[in-house]
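Notes follow the structure.
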Amino acid sequence: MRLINRPVLCNYYVTYRCNASCSFCDIWEKPSDYVTLGNVKRNLLALKKLGVRVIDFTGGEPLLHREIDLFLLEAKKMGFITTLTTNCLLYPKWANKLHGLVDMLHFSLDYYNPEKHNLSRGVNCYDHVLDSIKIAISLGERPDILFTVFEENKDEILPVYENIALPNKLILILNPVFGYNEVDTGVPLSPSTLKYLLKLGKLKNIHLDKAFIQLRKDGGNHVENPVCKAGSSTIVISPENKLIVPCYHLATKSFQISDNLETLYYSNEVKNVIKFEGRLPGCEGCTINCYMQPSFGVELNKYWFKSLPSTILYSIKKGTWKKLKLS
Ligand code: SF4
Ligand code: SF4
């Protein structure tokens with residue numbers, strides 16, 4: 001049963017450029033524009049009318065955009081919940097300007113071992129993560145550590161938790177890796193690793209959406225009965241100011257947003273693509289977290305029940321539940 005019939009999240013790609021070159025990501029290879037403030041303002045107004053609650057200013061590396069603080073400020077002024085994930089190379093320079101503008105600030109860290117983290121990210125960013133944590137805490141921010149879990153780095157979770165997350169009273173988010181297109185993300189997470197993650201998810205200040213684990217146990221999305229609601233739960237805007245449907249990773253169609261995103265989103269041509277969300281040939285077995293998480297929240301099924309407890313707990317810890325109640 002569908003519970004929410006409107007988009008709840010916007011993945012706003014401010015640029016595809018990145019100053020890292022992670023082995024499990026191909027976005028940094030794309031040439032890219034940067035979004036403009038005028039378009040962001042117009043689109044935020046439309047997103048508000050469409051009922052979107054959360055804006056994820058993403059990339060690439062979102063802090064490469066020189067006006068990222070202005071986008072966040074606009075979104076906050078309009079009552080959106082904001083989120084941003086950074087590799088931390090530029091966070092120390094931005095910290096003061098971003099202070100108070102990001103409700104869910106995520107610092108990516110996938111290894112306790114500095115050399116391994118830098119190797120995986122293709123750039124020396126480990127020390128910047130540690131510096132960023134210190135700076136953010138000194139400003140009163142509560143960043144989360146976003147740990148992308150591979151089969152290869154599962155033994156690094158506890159050292160990061162015990163030596164970095166716990167002493168700094170930070171939430172450690174476990175983000176099970178997902179494959180897409182031709183990107184090499186290593187071997188799929190084994191059943192024993194999935195079980196291990198569920199065990200870790202019970203520890204204080206570790207956040208794990210159990211529906212991610214269930215979805216992997218079930219073999220991902222299935223085209224004949226899709227859990228994916230990418231296009232109808234999430235709006236994707238590209239750096240070229242295009243609406244991408246049904247998701248960034250499949251990008252079946254893109255539509256230039258001339259000036260009215262709301263009209264475009266409700267147009268028949270967009271609806272005709274959205275109706276194939278989760279049903280396209282590339283959708284079989286998909287576990288892409290960025291779209292599955294909002295999908296879990298809009299339809300009543302077993303994933304909704306699995307996802308709900310951790311979602312509520314996390315939003316209480318981040319203080320975002322108050323905004324969800326008020327908006
Ligand atoms: S930092 Fe993020 S956007 Fe950049 S290459 Fe790595 S995963 Fe991709
Ligand atoms: S199943 Fe995956 S690839 Fe298909 S629309 Fe959903 S998120 Fe995109």
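If you read the sequence from its start, that first residue is 1, and numbering goes on from there. All ligand and atom numbering here is 1-based and tracks the order in the structure.
- Listing protein N, O or S atoms at distances below 2.8 Å from atom 4 (Fe) of ligand 2, with waters left out, gives Cys283 SG.
- Looking from atom 5 (S) of ligand 1 to the surrounding protein, the closest heavy atom is Trp28 CD1, 3.3 Å.
- Considering only residues two or more places apart in sequence or on other chains, Ile316 meets the side-chain contact (heavy atoms from CB on, under 4.5 Å) condition with Ile312, Trp321.
- Regarding atom 4 (Fe) of ligand 1, its nearest protein heavy-atom neighbour is Cys18 SG, 2.2 Å.
- Applying the side chain to side chain donor-acceptor pair (under 3.5 Å) test to residues at least two apart or on different chains, none of the pairs has a partner in residues 129-138.
- Between the side chains of Thr320 and Ser315, no donor N or O sits under 3.5 Å from an acceptor N or O.
- Here is the list of ligand 1 atoms found below 4.0 Å of a heavy atom in Ile27: 3 (S), 8 (Fe).
- Atoms of ligand 1 found under 4.0 Å from any heavy atom of Gly60 (numbered from 1 in listed order, with element): 3 (S).
- Residues Gly60 and Cys18 come closest through the heavy atom pair CA-CB, 4.1 Å.
- Scanning the protein for heavy atoms near atom 2 (Fe) of ligand 1, the closest one is Arg121 NH1, 4.3 Å.
- Interatomic distance, CG of Asn241 versus OG of Ser254, reported as 11.5 Å (0.5 Å rounding).
- Closest to atom 8 (Fe) of ligand 1, if we only count protein heavy atoms, is Cys25 SG, 2.3 Å.
- With side-chain heavy atoms closer than 4.5 Å counting as contact, directly or through intermediates, the hydrophobic cluster containing Tyr303 also holds Phe212, Leu215, Val227, Met292, Phe296.
- A cation-pi contact, defined as under 6.0 Å to the ring centre and within 45° of the axis, is absent between Lys116 and Tyr111.
- For the pair Lys48 and Phe80, the distance from NZ or CZ to the six-membered ring centre is under 6.0 Å and the angle to the ring normal is within 45 degrees.
- Closest to atom 6 (Fe) of ligand 1 among all protein heavy atoms lies Cys22 SG, 2.2 Å.
- Looking at Asn221 and Glu284, their side chains never bring a donor and an acceptor atom within 3.5 Å of each other.
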